[in-house]
Amino acid sequence: MSIPKTQKAVVFETNGGPLEYRDIPVPVPKANEILINIKYSGVCHTDLHAWKGDWPLPTKLPLVGGHEGAGVVVAMGENVKGWKIGDYAGIKWLNGSCMSCEFCQQTDEPNCPEADLSGYTHDGSFQQYATADAVQAARIPAGTDLAHVAPILCAGVTVYKALKTADRKAGDWICISGAGGGLGSLAIQYARAMGFRVAAIDGGEEKGEFCKSLGAEAYIDFTKEKDLVAAVQKATDGGPHAAINVSVSEKAIAQSCEYTRSTGSVVLVGLPAGAKVVTPVFDSVVKSLSIKGSYVGNRADTQRAIDMYTRGLIKCPIQIVGLSELPEVYKLMEEGKILGRYVVDSSK
Ligand code: 8ID
Ligand code: ZN
Ligand code: ZN
């Protein structure tokens with residue numbers, strides 16, 4: 001297989017600066033890395049945060065974003081084991097970790113202090129060829145549709161793990177805030193596949209229809225509902241047993257602590273810039289709420305999330321556009337206009 005010296009990528013030199021679609025060198029895999037010819041990549045709201053520089057952790061600059069890349073292994077470093085040329089592989093948020101710290105030892109690799117992050121500290125999947133640590137790269141079964149599986153690599157894994165973190169029982173109510181977006185549209189389906197009842201919150205009628213088509217029993221429109229907390233509690237027979245916060249809204253997080261039923265779990269996933277969890281301590285104590293952060297998933301979560309997709313339990317609602325159109329996708333995402341996920345085709 002011949003690997004070119006240069007390739008197309010979307011690069012930015014400064015946070016919030018121009019997103020340039022241009023030629024850059026094809027990276028050479030290190031001894032521990034595989035080189036993946038990226039066919040499709042999902043566009044996660046995290047990519048938008050990274051470009052804008054929303055978070056306290058600095059990005060690498062210049063940077064190629066993207067961390068939902070699905071493609072084919074075309075080369076590998078001399079220490080790589082367990083991969084062969086032609087295998088399907090995925091770039092996920094955790095590109096690599098030290099594998100020896102206390103967190104890596106117990107398979108909490110995303111919490112590794114030396115975590116290397118795709119599309120953040122390591123050039124990601126918005127290019128035609130990307131490198132990944134062979135240990136962390138996702139294994140995608142042969143024959144899988146690479147465009148449709150792409151969103152599973154971050155959004156799917158993250159919501160699967162968040163639902164496990166909620167630690168509820170089949171038949172319980174789960175409320176998903178931000179349900180019409182990339183993570184939310186998959187969260188509805190993973191929740192259903194895991195036996196939960198789903199109430200969805202997002203804005204607008206189109207997102208309501210969309211969430212219901214994916215399996216939500218109830219839809220609450222945050223742009224219309226005057227008393228959102230009361231509306232959620234009414235729709236869920238007294239409040240959900242867990243809230244999964246995938247919206248990019250500080251207010252929505254505060255509301256989730258209010259509407260969640262006593263002894264329930266509030267799971268924090270969405271990362272609005274500078275946001276704080278603001279909720280009365282008295283109510284949290286008396287309701288005995290568990291307020292927990294959930295951060296992507298480990299290798300086993302990744303393989304489980306992919307497995308549920310390949311078994312047909314999860315459909316990825318995607319729209320495919322060319323990689324060169326990434327700036328327009330960011331604009332739509334900023335405006336909250338995306339239903340499900342946009343996936344970019346690296347050949348266009
Ligand atoms: O590991 C993690 N914790 C992790 C992994 C991946 C992504 C965290 N994230 C974070 C992203 O960085 C981002 O902050 O999850 C958040 C959501 O990512 P996404 O699903 O990729 O974003 P999106 O497709 O733009 O969907 C967001 C949805 O939230 C709705 C929007 O309408 C949109 O559908 N929304 C907003 I903004 N405000 C809302 C509100 N007040 C709301 N929905 C309900 N109530
Ligand atoms: Zn992501
Ligand atoms: Zn580590």
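If you're wondering where the values come from, they're calculated on a predicted model, not measured in any experiment. Order of listing sets the numbers, starting from 1, for every ligand and every atom in it.
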Within the heavy-atom cut-off of under 4.0 Å, ligand 1 is lined by Cys44, His45, Thr46, His49, Trp55, Cys154, Thr158, Ser177, Gly178, Gly180, Gly181, Gly182, Leu183, Ile201, Asp202, Lys207, Phe222, Val246, Ser247, Val248, Ser249, Ala252, Val269, Gly270, Leu271, Ser294, Tyr295, Val296, Met333, Arg341
Looking at Glu114, I want to see if its CD is surrounded by more than 12 non-hydrogen atoms of other residues, nucleotides or ligands under 6.0 Å.
no
task = Using distance alone, with no hydrogens and no angle criterion, decide if Asn37 and Lys39 have a side-chain donor and acceptor under 3.5 Å apart.
result = yes
(message) Counting only heavy atoms not in Glu20 (residues, nucleotides, ligands), do more than 12 fall under 6.0 Å from its CD?
(response) yes
Margin query: Looking only at the side chains, is there a donor atom on one of Tyr120 and Trp93 sitting less than 3.5 Å from an acceptor on the other?
Written below: no
Decide whether Ser265 and Arg168 meet the rule of one side-chain donor and one side-chain acceptor closer than 3.5 Å. yes
Without hydrogens or angle criteria, can the side chains of Ser256 and Asn245 be said to hold a donor-acceptor pair below 3.5 Å?
yes
Given a cut-off of 2.8 Å, the protein N, O or S atoms lying below it from the Zn ion (ligand 2) are Cys44 SG, His67 NE2, Cys154 SG
- Query: Are a donor atom and an acceptor atom from the side chains of Thr59 and Asn15 found within less than 3.5 Å of each other?
  - Reply: yes
- Task: Check step by step if salt bridge (charged side-chain N to carboxylate O under 4.0 Å, His left out) holds for Lys8 and Asp23.
- Result: CA-CA 5 Å; Lys8 291 288 184 211; Asp23 290 311; 3.2 Å; yes
* Asked: Which is it for Glu217 and Arg192 under the salt bridge (charged side-chain N to carboxylate O under 4.0 Å, His left out) test, yes or no, and what are the steps along the way?
  -> CA-CA 10 Å; Glu217 277 181 66; Arg192 287 293 304 269; 5.7 Å; no
Problem - Distance flag, aromatic centroids of Trp173 and His241, threshold under 6.0 Å - result: no
For SG in Cys112 and SG in Cys98, the angle at the Zn ion (ligand 3) (nearest 10°) is 110°
